[in-house]
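Report on one structure; see the data block that follows.
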Number of protein chains: 2
Amino acid sequence: MPLPSFTINLKSLECFRAIIDLGSATAAARELNLTQPAVSRCLGALEESVGFRLFNRCKGRLIPTDEALIFYDEVKITLQSVGRISRLALNLHNANFGELKVVSPPSLAEGMLSSAINAFLREHSDVSITLDSQSGQTALDMVALRAVDCGFAKLPIDHRGLICQPLISGGTVCAVPKGHKLARSKQISAKDLDDEPLILLGKGRSSRNQIDSAFADAKSRMRVRIETHTVGAACAFAKGGSGIAIVSELFARQFADKSIVLVRFRPDIRHEYAFITAKDATMSRVAQRFYEHCLRYFEP
Amino acid sequence: MPLPSFTINLKSLECFRAIIDLGSATAAARELNLTQPAVSRCLGALEESVGFRLFNRCKGRLIPTDEALIFYDEVKITLQSVGRISRLALNLHNANFGELKVVSPPSLAEGMLSSAINAFLREHSDVSITLDSQSGQTALDMVALRAVDCGFAKLPIDHRGLICQPLISGGTVCAVPKGHKLARSKQISAKDLDDEPLILLGKGRSSRNQIDSAFADAKSRMRVRIETHTVGAACAFAKGGSGIAIVSELFARQFADKSIVLVRFRPDIRHEYAFITAKDATMSRVAQRFYEHCLRYFEP
DNA sequence: TGGGCACCATTACAATCGGATATGGATGCC
DNA sequence: GGCATCCATATCCGATTGTAATGGTGCCCA
């Protein structure tokens with residue numbers, strides 16, 4: 001009596017599933033990129049090893065037996081499990097050899113993010129990274145739509161379908177031209193800036209609104225001399241003596257030199273950036289590694 | 001760049017699991033009844049197909065990588081799933097699983113068939129049986145129309161679309177009240193029953209016709225005092241002294257007690273029951289096993 | 001320090017597996 | 001009857017997968 005030998009073959013199971021799903025061995029062969037005899041023999045082998053007939057050969061067709069249908073349910077579960085293995089393997093493989101697509105606002109991309117990525121690449125020699133500079137909604141959409149693996153964006157973020165992990169946080173500083181009367185202050189408030197020529201950026205953004213409010217609260221006149229879009233430009237204007245730039249502390253540092261002084265602005269307006277990923281997709285392993293790397297890299 | 005080929009092999013997974021569990025490839029080989037080089041090569045193949053290193057070869061030992069440990073969890077789940085397949089296959093092989101719908105005439109269902117089924121259930125723990133009591137044409141139709149898997153019916157059967165396997169056979173006996181003048185006979189013929197009060201059943205059925213013929217042949221007067229429908233009732237009447245019942249030997253036995261005597265009736269009128277299945281449908285495995293069980297159970 | 005031991009990798013070779021192509025039989029459809 | 005479809009079998013061939021033999025390396029211990 002032939003007992004099941006337990007030497008079950010994955011390919012046979014795949015054949016079996018395909019035959020049940022598609023109704024014929026020839027169709028199964030097409031799906032599996034095999035020839036019909038190959039499928040036929042696989043099936044024979046499987047029947048041999050399980051020890052009972054899976055199909056009745058009836059009028060040249062394969063009719064599943066009752067047992068086959070019971071068997072099928074379990075086989076499908078197992079094959080799904082094998083599928084998970086494959087996907088996991090791919091993920092793990094990609095952690096060392098994969099590609100990572102990242103999107104970030106230009107401000108981050110040009111400064112601290114590029115050095116974080118450099119450090120990551122040194123530790124993961126075979127990973128290649130694509131860094132896309134996009135700001136605002138575009139970046140969020142790219143992550144949510146999985147056009148990229150992960151991204152960075154400024155908080156607050158209102159977007160369903162994203163997971164946001166706060167990562168970097170910094171206050172607000174004034175870039176004051178050297179020799180300016182405020183250059184020696186420990187901190188500068190909106191009141192101190194009454195009627196001072198200012199260089200501001202991010203009109204309409206939340207941090208900008210907070211600055212506006214601070215001036216309103218202090219009943220200071222806000223004299224905006226230059227509206228610009230990047231911290232680098234703002235600092236450059238400040239260096240040129242065109243006024244005091246109120247900028248994120250995080251980015252101002254890299255532009256600070258002897259011609260300007262960075263003085264803390266009061267009230268403390270926080271600039272926070274988060275690591276963002278799509279909600280309904282587990283991160284690829286590279287992305288996970290990258291996230292962990294960033295956590296370490298940016299920790300205070 | 002070597003991408004995972006997804007042609008993952010169960011044996012490789014088994015090797016991998018064993019290596020992690022036991023800590024060395026040689027130990028794994030022992031467990032799997034393989035040689036160490038075989039395991040070594042399986043491992044190599046698996047690494048090839050997943051696309052990353054599973055073990056660091058360090059000082060002649062295999063040290064699992066971080067990825068390997070993550071991979072291991074998933075592999076274990078998959079292997080357990082495969083194990084379930086094997087067990088299910090074994091169960092199906094032993095027909096230890098499933099449902100069986102049976103139809104039989106009430107006479108069988110109440111007596112010997114129920115004990116046969118009980119015995120079958122004891123041997124096949126996960127089988128559930130539905131037994132439907134129907135007689136005559138209804139039962140045959142139910143089998144032919146595949147409303148049930150199999151059934152029992154009295155021969156002769158005239159029904160296309162059925163396979164009949166004779167299973168149980170018995171003669172005819174007279175149930176004679178104790179103390180009756182015929183109670184001590186070795187056998188009783190139609191002649192002996194001339195003008196005796198009789199209890200008969202199955203009017204119009206073939207066995208009844210044979211009895212009628214026997215009386216006609218013997219030129220005996222058939223004095224039918226009671227017509228009834230079940231052997232149990234017939235025997236009860238006999239016990240009450242209402243007359244001699246002429247019944248199937250097969251069923252009379254269970255009703256025999258000290259108040260009646262069973263005496264063989266001559267000529268020998270056979271009562272035969274067959275196991276019946278639909279012609280154009282191979283029996284389910286459980287049904288086959290049940291048939292084999294019945295063959296053994298009812299063999300003379 | 002050198003020998004024994006445990007472990008892993010590699011090689012060489014044999015058996016088997018697992019594909020492909022070619023062919024044949026049965027069935028159903030026009 | 002001719003044709004298409006489907007399954008099974010035969011034969012062939014390369015890939016896979018097992019084995020035994022061998023070699024290298026690190027560890028333990030006298």
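Since the model is a prediction, treat every value here as computed from it, not as a measurement. Every chain is numbered from 1, with letters handed out A, B, ... down the list of sequences.
Look at CG on A:L46: it is 16 Å from C1' on C:dC17, rounded to the nearest Å. Nucleotide C:dT27 holds its C1' atom 7 Å from the CZ atom of A:R61, rounded to whole Å. Look at CD on A:E48: it is 16 Å from C1' on D:dT9, rounded to the nearest Å. Summarising the geometry, the separation between CZ on B:R57 and P on C:dA9 is reported as 5 Å, rounded to the nearest angstrom. Per the geometry, CD belonging to B:E14 stands 15 Å off P belonging to D:dT17, to the nearest Å. A:L62 has its CG atom 11 Å from the P atom of D:dC6, to the nearest Å. Taking atom CG on A:L32 and atom P on C:dG18, their separation rounds to 15 Å, with Å as the unit. Whole-Å rounding puts the A:Q36 CD to C:dG18 C1' distance at 15 Å.
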> What do the steps show when you test B:R270 against B:S169 for side-chain hydrogen bond (donor to acceptor under 3.5 Å, both in side chains), and what is the final call?
Replying inline: CA-CA 7 Å; B:R270 304 302 296 173; B:S169 173; 2.8 Å; yes
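In this structure, B:K11 reaches the D:dG18 phosphate: one of its side-chain N or O atoms is under 4.0 Å from OP1 or OP2. Under 4.0 angstrom from either OP1 or OP2 of D:dA8 there lies no side-chain N or O belonging to A:R41. The side chain of A:T26 contributes no N or O atom lying less than 4.0 Å from OP1 or OP2 of D:dT5. Residue A:S40 has no polar side-chain atom (N or O) positioned under 4.0 Å from OP1 or OP2 of D:dT9.
Residue contacts shown for B:T35 include a base, since a base heavy atom lies under 4.0 Å away. Heavy atoms of B:A25 sit under 4.0 angstrom from primed sugar atoms or phosphate atoms, though from no base atom.
The existence of a salt bridge linking A:E14 and A:K11 is excluded, since no basic side-chain nitrogen approaches an acidic carboxylate oxygen closer than 4.0 Å. Salt bridge annotation for A:R17-A:E31: present, with a cationic side-chain nitrogen under 4.0 angstrom from a carboxylate oxygen. We find that B:E272 and B:K154 are not joined by a salt bridge, their nearest charged nitrogen and carboxylate oxygen being 4.0 Å or further apart. Salt bridge status for B:R285 with A:E67: absent, with no side-chain N to carboxylate O gap under 4.0 Å.
Along DNA chain C, the nucleotide nearest to B:P37 and the one nearest to A:A45 differ in position, and the one closer to the 5' end is contacted by B:P37. Place B:N9 and A:G23 on DNA chain D by their nearest nucleotides, and A:G23 ends up nearer the 5' end.
Among the nucleotides C:dC7, D:dT9, D:dG18, the one closest to any side-chain atom of B:L34 is D:dG18.
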